[in-house]
Amino acid sequence: MSIPIRKFDTLVIGAGGGGLRAALQLAQADLKVAVVSKVFPTRSHTVAAQGGMNAALSNVLPDNWHWHMYDTIKGSDYLGDQDAIEYMCRAASHLVIELEHQGVPFSRLDNGKIYQRPFGGQSQNFGGEQAARTCAAADRTGHAILHALYQQNIKAKTHFFDEFFAIDLIKDQNGFILGALVLEIETGEPLIIEAKTTLLATGGAGQLFRTNTNAKINTGDGLAMALRAGIPLEDMEFFQFHPTGIAGRGMLITEGARGEGGYLVNKDGERFMERYAPHAKDLASRDVVSRSIATEVREGRGCGPNGDHVMLKLDHLGKDVLEKRLPGICETSRTFLHIEPSEEAIPVFPTAHYTMGGIPTDRYGQVVVPVDTGEEAIPGLYAVGECACVSVHGANRLGGNSLLDIVVFGRAAGNHIIKYLKENRYHRAIDEASVEKAMAHLRRWDQTGEGESVPQLKDELQTIMEKNCSVFRTKIVLQECLNQVLQIESRLQNVRLKDHSKIFNTARIEAMELENLVDIAVATVTAALHREESRGAHSRIDFPDRDDKTWLKHSLFFKEGRRLEYKPVRLKPMTVETFPPKPRVY
Amino acid sequence: MTSANNISMRFKIYRYNPETDKEPYMQDYVLENVTPDMMLRDALIKLKAVDETLSFRHSCGEGVCGSDGMNINGKNGLACLTRAHELKQPVEIRPLPGMPVIRDLIIDMGQFFHHYRSIKPYLTVNDPVPEVEYLQTPAQREKLDGLYECILCACCSTACPSFWWNPDKFRGPAALLQAYRFLADSRDQATPQRLAELEGPYKLFRCHSIMNCVNVCPKNLNPTKAINGIKDMMLKDMF
């Protein structure tokens, strides 16, 4: 069977903020860029980001990028790579201004400048008073940024393949990435997109967990494609649980709600964060606040008939502030809870939110893998955003740093690709064996007969992960969790589709998404089981302390043999002094 | 979970798979144990878990991605923002009207996005770019509220009789709302071109203020008001 081929300079997989920012850089440089997305670009999950994007503009309170850098490193529990963090924080102001010029409707201060709000983990002067660093468009900042970036790409005439699903990377014998095999969802026909460079910008894998703030599409497709191409995943044990997802439902209530003055209370009406973080209180880092909530609930101070959540109080802020600064979460509360936040508190609980780990890259977005002498870039392959691990978030991401991450590294990857293409001007010969392997992966779903169902298996996977691999972890539970996930992995072989039609077969897409989730679950649990310390979002009850002597290092999980390797944290920044690890208090 | 508040619900859902069906038909479904907090999207996911051929778009589940627009008991809306219990039974679900159907509840949105692209939905500034942000007062910024929040779900345009009649020529409420989003932006400098682009009997002036768009918008936006805003600007431009 001959598969149609399209050729581009660059293939971008994923049309969230990271993919679109990179695509824009490339299209503006007159390169031929194809953006493949399994949903229409403005449906990408960047659209759901609420609170804002960090940059030390000093529009509200004194600030500078170096303070932002310190906060990010401390927030990462010192697992973040300090060169990449310096790069990101230095670039932040420039990129926010650029987005504003591109049309993002940021909220405004009376003097006409961009509105900034306080967010968790932010400080002035290296751990001093609270900073106000998060640039916001009400509580719809992700929507505003994603739409503006899509609009700029329309202007730049980027080539979009909307509703195409990427199946696997195509790789030759020399390790070059040559593009990908994709599936046109509408027709069910495969297509090879050949490209001199391929950028993965496929987002996170929040669907690993039953209750999550993520969209249905967040199945970590790029992470799994990387694993199948022999590329390891870095720091997968670090998964962020957002302190304020709507209890039992998962919809996100932005950290901006606390930034605007909201606070958490337990069943006694106590503002309990004062006990856990006397200085920062409700604006401590997310891992700290999530653990505090989980502890309150575990110790019997949770709210509701089952004592299984705490309450987020906003009513004291007044209707005006809520309508102006937090209109989206007001809507969400009304729609899903029939609650008016100006009158009643919102029930919340830590909810799976963000994949800190991912495809290992350097600060140019190049995917890097370990070799004897250190690490080496995979020629032609890049990754940015939530699917990548640069690592700027380390063991815990600060709120407001993900929108920043995607635009900073989307642009940086775009720039590096431009340079790479100058030196690599021609397409390499396509590797038939690699195409055949990807096609076999797709054809596997043509198998007929009786078998297990995709939704059943996905539901079991999500339940196992939520019960055993969430805010608090232990060896015994993680070992059992790994066994269960491996059983799911083997049962996946017995899954059969009933729907074998070609046209817009969503069941087939969901089956391939489940395969991706299972690969990522194995990586996550294996890495979590082996890291015997508590750092950032990875909290081991059996190893309650951070252990810098043994564990100040990144994990790398390889699919083959479920092997783990480790690599050092890059503690040396680009120009400034190292921030050495020290006890982390808020 | 079974509880006294759970109900069994009946659905009649539009089905069409061009590979196997000569023509569309309505299929009956029953779903047991629909809880009071369940949204229509949750119900459809449960139906699909039993009948995986049932096809519809959906993603974020909270009304920001705009994927799951459909016609629910005769009214366009997002499945994820619609509480199942509040719907009259049997719940009749059809694809958004007036557009080609690809399969079941999935429509071809090509024309809708064509109109969106054609209004040049991007900020246009001719002056040299400053090194700081363009200043905009809170009052100027407030003019964008009710405009920039559009999620491109197409509920409005596919509820518009003028759009049904002239889907190739009338831009439709969604695209016109976006046009006004840039006309209303104090930073944008392409007002004359944007207005000129919308002249003529069709692109803008097919709107007869029927206001179906306002009635169905899941984000409570008001495209009719935006369209009138454009008409006002055109009039001021003429005299």
Side-chain angles (χ1 to χ4, degrees), chain A residues 39-40 42-45 47-48 57 96-97 100-103 105-114 137-138 140 142-144 147-148 151-152 154-155 162 186 214-217 249-252 327-328 331-332 335-337 453-456 459 497-499 501-507 510, chain B residues 17-20 37 39 45 48-49 51-67 81 83 102-104 106 108-109 113 116-117 120-125 129-138 140-141 144-145 147-152 181-182 185 187-188 219-220:
Chain A
V39 292
F40 180 75
T42 64
R43 321 271 187 238
S44 308
H45 197 55
V47 81
L57 295 179
V96 168
I97 299 293
E100 196 278 332
H101 292 162
Q102 288 167 345
F106 284 109
S107 300
R108 298 292 169 154
L109 298 160
D110 285 338
N111 63 10
K113 291 185 174 183
I114 293 171
R140 303 186 175 107
H143 172 284
H147 279 249
Q151 292 162 350
Q152 289 298 318
I154 292 176
K155 186 178 175 189
D162 297 337
E186 182 179 337
N214 283 198
K216 166 194 176 273
I217 54 173
R249 305 288 295 272
M251 292 84 185
L252 176 66
E331 265 178 33
T332 296
T335 305
F336 294 101
L337 296 169
S453 89
V454 170
Q456 171 62 30
D459 193 57
L497 289 177
K498 293 197 174 66
D499 184 356
S501 55
K502 290 181 101 169
I503 293 182
F504 224 112
N505 186 337
T506 49
E510 285 169 20
Chain B
N17 180 347
E19 285 169 81
T20 50
D37 61 0
M39 296 297 177
I45 290 171
K48 187 175 174 63
D51 174 4
E52 72 182 25
T53 65
L54 176 62
S55 304
F56 54 99
R57 293 185 178 107
H58 66 105
S59 185
C60 76
E62 52 183 35
V64 293
C65 79
S67 299
L81 296 184
R83 220 167 255 268
I102 296 173
R103 175 178 178 170
D104 296 347
I106 298 166
D108 180 348
M109 297 184 70
F113 291 126
Y116 172 70
R117 282 191 302 270
K120 299 200 168 67
Y122 37 84
L123 192 74
T124 302
V125 181
V129 178
E131 68 283 11
V132 296
E133 65 262 58
Y134 300 128
L135 297 181
Q136 190 172 47
T137 65
Q140 288 170 327
R141 168 60 183 76
L144 306 182
D145 287 340
L147 302 173
Y148 82 95
E149 302 94 324
C150 173
I151 56 174
L152 302 175
R181 177 251 172 274
F182 290 98
D185 195 321
R187 301 170 293 178
D188 192 80
K219 305 304 286 182
N220 297 315

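- In this structure, the portions of A:I114 lying under 4.5 Å from any heavy atom of chain B include both its backbone and its side chain.
- The candidate with the highest count of non-hydrogen atom pairs below 4.5 Å against chain B, out of A:M251, A:H45, A:K502, A:Q152, is A:K502.
- Looking at B:S67 and A:K216, their side chains never bring a donor and an acceptor atom within 3.5 Å of each other.
- Shortest non-hydrogen contact noted between B:L81 and A:F336 is CD2-CZ, 3.9 Å.
- Between A:T335 atom OG1 and B:E62 atom CD the span is 10.5 Å, to the nearest 0.5 Å.
- For a residue to count as touching a neighbouring chain, one of its non-hydrogen atoms must lie under 4.5 Å from one of that chain's; by this rule B:I102 touches chain A with backbone and side chain alike.
- Counting heavy atoms from C-beta outward, B:M109 and A:D162 have side chains that stay 4.5 Å or more apart.
- For A:F40, the part sitting under 4.5 Å from any heavy atom of chain B is the side chain, from C-beta outward, and nothing else.
- Between B:D108 atom CG and A:E186 atom CD the span is 5.5 Å, to the nearest 0.5 Å.
- Side chains of A:V39 and B:C65 form no contact here, defined as non-hydrogen atoms less than 4.5 Å apart.
- For B:P18, the part lying near chain A is the side chain, with the backbone staying farther off; criterion is any non-hydrogen pair under 4.5 Å.
- Of the two parts of B:I151, the backbone and the side chain both hold a non-hydrogen atom closer than 4.5 Å to a non-hydrogen atom of chain A.
- Ion pairing between a basic and an acidic side chain is recognised when a charged N comes within 4.0 Å of a carboxylate O; B:R103 and A:D499 show such pairing.
- Only the side chain of B:N17 comes within contact range of chain A, with heavy atoms under 4.5 Å apart.
- At a threshold of 4.5 Å between non-hydrogen side-chain atoms, the residues B:L152 and A:H147 count as touching.
- In terms of heavy-atom pairs under 4.5 angstrom with chain A, the leader among B:Q140, B:M39, B:R83, B:R117 is B:R83.
- Interface remark: A:N111 contributes backbone atoms only to the contact with chain B (heavy atom separation under 4.5 Å).
- Between A:A215 and B:S59, the shortest heavy-atom distance links the atoms CB-OG, 3.3 Å.
- Proximity of A:L497 to B:E52: side-chain heavy atoms (C-beta onward) are separated by under 4.5 Å at one or more points.
- Looking at A:H101, both its backbone and its side chain come within 4.5 Å of chain B, counting heavy atoms on both sides.
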Practice item. Step by step, work out the side-chain contact (heavy atoms from CB on, under 4.5 Å) result for B:R141 and A:F106. Key: CA-CA 8 Å; B:R141 168 60 183 76; A:F106 284 109; 5.9 Å; no

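- Atoms CZ and CD1, on B:F113 and A:I154 in that order, are 9.5 Å from each other to the nearest 0.5 Å.
- Considering every non-hydrogen atom in both A:A138 and B:Y148, the closest pair reads CB-OH, 3.8 Å.
- Of all the heavy atoms in A:R108 and B:Y134, the pair that sits closest is NH1-O, 2.8 Å.
- Atoms CZ and NE2, from A:R43 and B:H58 in turn, are 13.5 Å apart once rounded to the nearest 0.5 Å.
- Side chain of B:R187 to backbone of A:E100: a donor-acceptor contact under 3.5 angstrom is found.
- Screening B:R181, B:Q136, B:E149 against A:P105 for a side chain to side chain contact (heavy atoms under 4.5 Å, CB included) leaves a single residue, B:R181.
- When heavy atoms are compared at a cutoff of 4.5 Å, B:F56 approaches chain A solely by way of its backbone atoms N, CA, C and O.
- In terms of heavy-atom proximity, A:Q151 sits nearest to B:Y122 at O-CD2, 3.5 Å.
- For NZ of B:K219, the number of neighbouring non-hydrogen atoms (other residues, nucleotides, ligands) closer than 6.0 Å is greater than 12.
- Among A:R249, A:E331, A:Q456, the residue making the largest number of heavy-atom pairs under 4.5 Å with chain B is A:R249.
- For a residue to count as touching a neighbouring chain, one of its non-hydrogen atoms must lie under 4.5 Å from one of that chain's; by this rule A:E510 touches chain B with the side chain only.
- For the atom pair NE2 (A:H143) and SG (B:C150), the distance works out to 6.5 Å, reported to the nearest 0.5 Å.
- Looking at B:K48, the atoms closer than 4.5 Å to chain A (heavy atoms on both sides) all sit in the side chain, from C-beta outward.
- Rounding to the nearest 0.5 Å places CG of A:N505 at 6.5 Å from OG of B:S55.
- Looking only at heavy-atom pairs under 4.5 Å with chain B, the residue among A:L109, A:L57, A:T332 that has the most is A:L109.
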